[in-house]
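Before any comments, here is the structure.
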Amino acid sequence: MRVKEQITNLKRYQAGKPIEEVKKELGLTEVIKLASNENPFGCSQLVKEAVLKVSEDLSIYPDSIAAELRHKISELLHIQDEEILIGNGSDEIIQLLCRGILQQGDNCVMATPTFPNYKHNCLIEGAEAREVPLKDGTHDLDKMIKQVDKHTKIIWICNPNNPSGTYVNEKALVSFLEKVPSTSLVVIDEAYVEYASATDFPDSLSLIKRFNNVLLLRTFSKAYGLAALRVGYAIGQPSLLNQIDILRAPFNCGRMGQAVAARAIDDQNFIRETFLKNVKGLNMFYQFCDAHGLHYYPSQTNFILMSMNRSGEQIFQELLHQGIIIRPGERLGFPNYVRITVGTLDQNEKVISCLSKLMK
Ligand SMILES: Cc1ncc(COP(=O)(O)O)c(C=O)c1O
């Protein structure tokens with residue numbers, strides 16, 4: 001059996017190295033993972049009860065339309081339930097959008113480097129991926145709009161961007177959206193939105209109301225600390241979401257994910273604490289970079305992309321032997337950089353101390 005031709009050349013997604021694998025490989029007992037932008041503080045303690053309750057109902061299929069979770073999200077964000085589609089992680093929504101919208105002859109416009117799943121899913125559908133290099137680590141919207149034509153079906157804006165941590169501000173985004181033809185969908189992926197602190201960070205929920213062709217992606221995997229449960233969502237026009245919904249597996253989001261995410265929404269204190277601790281952690285890394293004259297991108301996320309002035313792969317290997325998993329920039333399109341997830345205070349101190357020794 002042969003798979004579609006366009007799939008034969010695609011590479012598998014490279015996930016961060018799992019902790020257990022590193023322990024086994026290197027004979028270490030303690031390993032910390034700062035490679036996948038997970039929440040180092042775990043998740044809200046409020047969800048424990050929901051976990052117990054669901055564990056009594058494991059023989060029952062989940063609610064196919066995730067009504068309770070959608071309602072909790074709509075209350076939180078002051079939108080309508082119909083404007084929300086729940087996915088098995090926002091990854092699944094990226095896949096569904098591509099599956100539902102793209103075909104051969106179409107194209108997608110996106111930045112590079114950015115989150116790899118946009119291109120991956122675009123190519124699977126046989127569409128063209130038009131990649132526009134980042135400018136100073138940020139989406140180059142002037143160049144991106146020049147790539148848009150009548151065959152452009154989706155424009156991807158990762159805001160803040162993974163792996164650079166940078167953001168497009170409200171003014172630049174609005175001016176871009178005003179130029180985009182109504183036939184192109186603009187997907188704004190806000191996986192890290194809860195970490196954004198810039199005062200001119202776009203108020204994307206208001207943009208949804210202003211521009212019919214904008215769709216947002218958000219997730220419970222990052223600040224909410226629920227990556228294991230795979231819950232993400234789209235916010236957009238109900239007419240589009242209804243059509244995309246047809247493609248979705250009927251029970252795409254599990255009972256545990258729905259119940260826990262719904263309960264986690266009640267604990268906005270946890271999100272606020274996570275945000276504040278992350279700001280402190282980022283400052284520790286900024287200070288380290290400044291002290292060593294290393295370039296970095298000021299981050300609106302829970303990770304930092306910083307230059308090492310030498311092979312990031314090498315730094316990755318050296319830290320791995322000290323029980324710290326990070327991401328080498330070479331694998332993310334930034335040679336001689338590393339991407340490090342901001343950890344707990346102890347974790348940050350440990351990684352900074354190891355890096356300081358390596359700098360000598
Ligand atoms: C920018 C971005 N979008 C989407 C995702 C996928 O998140 P989820 O866990 O909701 O599938 C990630 C995960 O790292 C990400 O960095």
Side-chain angles (χ1 to χ4, degrees), residues 12-18 33-40 42-43 66 69 73 84-99 108 110-122 131 134 137-139 154-168 186-196 201-202 204 215-236 248-249 252-254 256-258 260-261 264-265 271 278 297 299-305 325-327 329 331-334 339-342:
R12 205 176 287 276
Y13 178 77
Q14 286 199 347
K17 247 175 155 6
K33 183 172 166 222
L34 300 174
S36 300
N37 310 331
E38 293 141 334
N39 189 335
C43 65
L69 174 58
I73 297 171
I84 300 164
L85 176 69
I86 304 289
N88 188 257
S90 47
D91 270 343
E92 190 200 21
I93 305 206
I94 296 170
Q95 191 182 20
L96 293 176
L97 288 169
C98 290
R99 187 166 182 204
C108 281
M110 65 194 78
T112 182
T114 190
F115 189 56
N117 283 5
Y118 315 140
K119 179 177 178 184
H120 188 77
N121 284 289
C122 166
E131 299 176 274
L134 296 175
T138 310
H139 283 64
I154 309 180
I155 301 168
W156 301 92
I157 298 186
C158 188
N159 205 34
N161 189 45
N162 181 5
S164 55
T166 52
Y167 76 109
V168 172
V186 181
V187 178
I188 305 176
D189 183 350
E190 296 192 324
Y192 300 93
V193 70
E194 292 87 358
Y195 290 105
F201 193 84
S204 53
L215 181 138
L216 305 182
L217 294 182
R218 293 193 177 180
T219 181
F220 285 90
S221 299
K222 306 298 174 184
Y224 281 90
L226 300 176
L229 295 178
R230 315 301 305 122
V231 190
Y233 56 102
I235 308 173
R248 163 180 81 78
N252 62 332
C253 182
M256 188 70 84
Q258 291 184 33
V260 169
I265 287 176
I271 301 297
N278 184 65
Y297 291 99
S299 174
Q300 293 293 311
T301 64
N302 67 338
F303 57 83
I304 178 162
L305 184 70
I325 316 171
I326 58 157
R327 282 288 178 106
R331 298 186 205 173
L332 302 168
F334 278 93
R339 195 194 69 190
I340 303 179
T341 304
V342 176

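The first residue of the sequence shown is numbered 1, and numbering continues consecutively from there. Order of listing sets the numbers, starting from 1, for every ligand and every atom in it.
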Would you say [X] contacts ligand 1, with heavy atoms under 4.0 Å as the rule?
X	value
F220	no
E92	no
A227	no

Can you confirm whether more than 12 heavy atoms, excluding those of R99, are under 6.0 Å from its CZ atom?
no
Report yes if the side chains of W156 and T114 come closer than 4.5 Å at any heavy-atom pair, otherwise no.
no
Would you mind checking which non-hydrogen protein atom is closest to atom 5 (C) of ligand 1, with the distance to 0.1 Å?
F115 CZ, 3.4 Å
Protein heavy-atom partner closest to atom 7 (O) of ligand 1 - residue, atom, separation in Å
S90 OG, 3.2 Å
Mark yes or no for whether R327, through its side chain, and S36, through its backbone, hold a donor-acceptor pair below 3.5 Å.
no
Examine distances only and state if a side-chain atom of N39 and a backbone atom of A223 form a donor-acceptor pair shorter than 3.5 Å.
yes
What atoms of ligand 1 come closer than 4.0 angstrom to any heavy atom of [X]?
X	value
T219	8 (P), 9 (O), 10 (O)
D91	6 (C), 11 (O)
C158	1 (C)
D189	1 (C), 2 (C), 3 (N), 4 (C)
S221	8 (P), 9 (O), 10 (O)

Ignoring hydrogens, what is the shortest heavy-atom contact between E194 and A191? Give both atom names and the distance.
OE1-O, 3.9 Å
Looking only at heavy atoms, the pair that brings R218 and S204 closest together is NH2-OG, 3.4 Å
Out of the candidates N117, N121, T219, only one should pair with D91 under the side chain to side chain donor-acceptor pair (under 3.5 Å) rule; please name it.
N117
Among K222, R230, E38, which residue places a heavy atom closest to atom 14 (O) of ligand 1?
K222
Polar contact flag for Y118 and ligand 1 (N/O pairs, less than 3.5 Å)
no
Ignoring hydrogens and angles, state whether a donor on the side chain of N161 or T166 is under 3.5 Å from an acceptor on the partner side chain.
no
